[in-house]
Amino acid sequence: MDTGVMTAYIVGYLITAITVFIFCLPAIVLFVILLLVAGALRVLVWPLELVFRKLRRHPKETQTDQSWLLGSG
């Protein structure tokens with residue numbers, strides 16, 4: 001194998017790698033866009049989650065004096 005054949009192989013592999021990347025580029029871009037949208041939705045929903053947690057929190061039960069159970073009251 002001479003230098004011309006080796007150069008052709010190298011250029012062929014590079015062109016193949018670039019072509020595969022270009023074919024996969026729409027999927028990569030779509031994946032990145034979906035990640036960004038999911039993050040933005042998470043940030044937008046976060047205040048609502050805090051409000052719902054605050055509304056669902058049960059009020060604390062009042063502490064009653066249990067000393068009458070022991071007969072010391």
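Numbers for residues simply follow the sequence, beginning at 1.
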### Task
Not counting sequence neighbours, list each pair that qualifies as a salt bridge (Lys or Arg N to Asp or Glu O under 4.0 Å) and has a residue in residues 10-33.
none
### Query
According to the side-chain hydrogen bond (donor to acceptor under 3.5 Å, both in side chains) rule, which pairs have a member within residues 20-38, sequence neighbours left out?
none
## Note on the structure
For Ile10, the hydrophobic cluster (side chain heavy atoms closer than 4.5 Å, chained through members) also holds Leu14
### Pairs meeting criterion side-chain hydrogen bond (donor to acceptor under 3.5 Å, both in side chains) with involvement of residues 25-38, two or more places apart
none
Scan the side chains in residues 20-42 for donor-acceptor partners under 3.5 Å anywhere in the protein, sequence neighbours excluded, and list what turns up.
from: Arg42; atom 1: NH1; to: Glu49; atom 2: OE2; distance (Å): 2.7

### Query
Got a sec, which pairs hit salt bridge (Lys or Arg N to Asp or Glu O under 4.0 Å) with one end in residues 20-33, sequence neighbours left out?
none
### Query
Do any pairs count as a salt bridge (Lys or Arg N to Asp or Glu O under 4.0 Å) and have a residue in residues 8-32, sequence neighbours left out, and if so which ones?
none
### Message
Show me the pairs that pass side-chain hydrogen bond (donor to acceptor under 3.5 Å, both in side chains) and involve residues 7-22, at least two apart or across chains.
### Response
none
### Task
Hey, could you give me each pair passing salt bridge (Lys or Arg N to Asp or Glu O under 4.0 Å) that has a residue in residues 17-28? Not counting sequence neighbours.
none
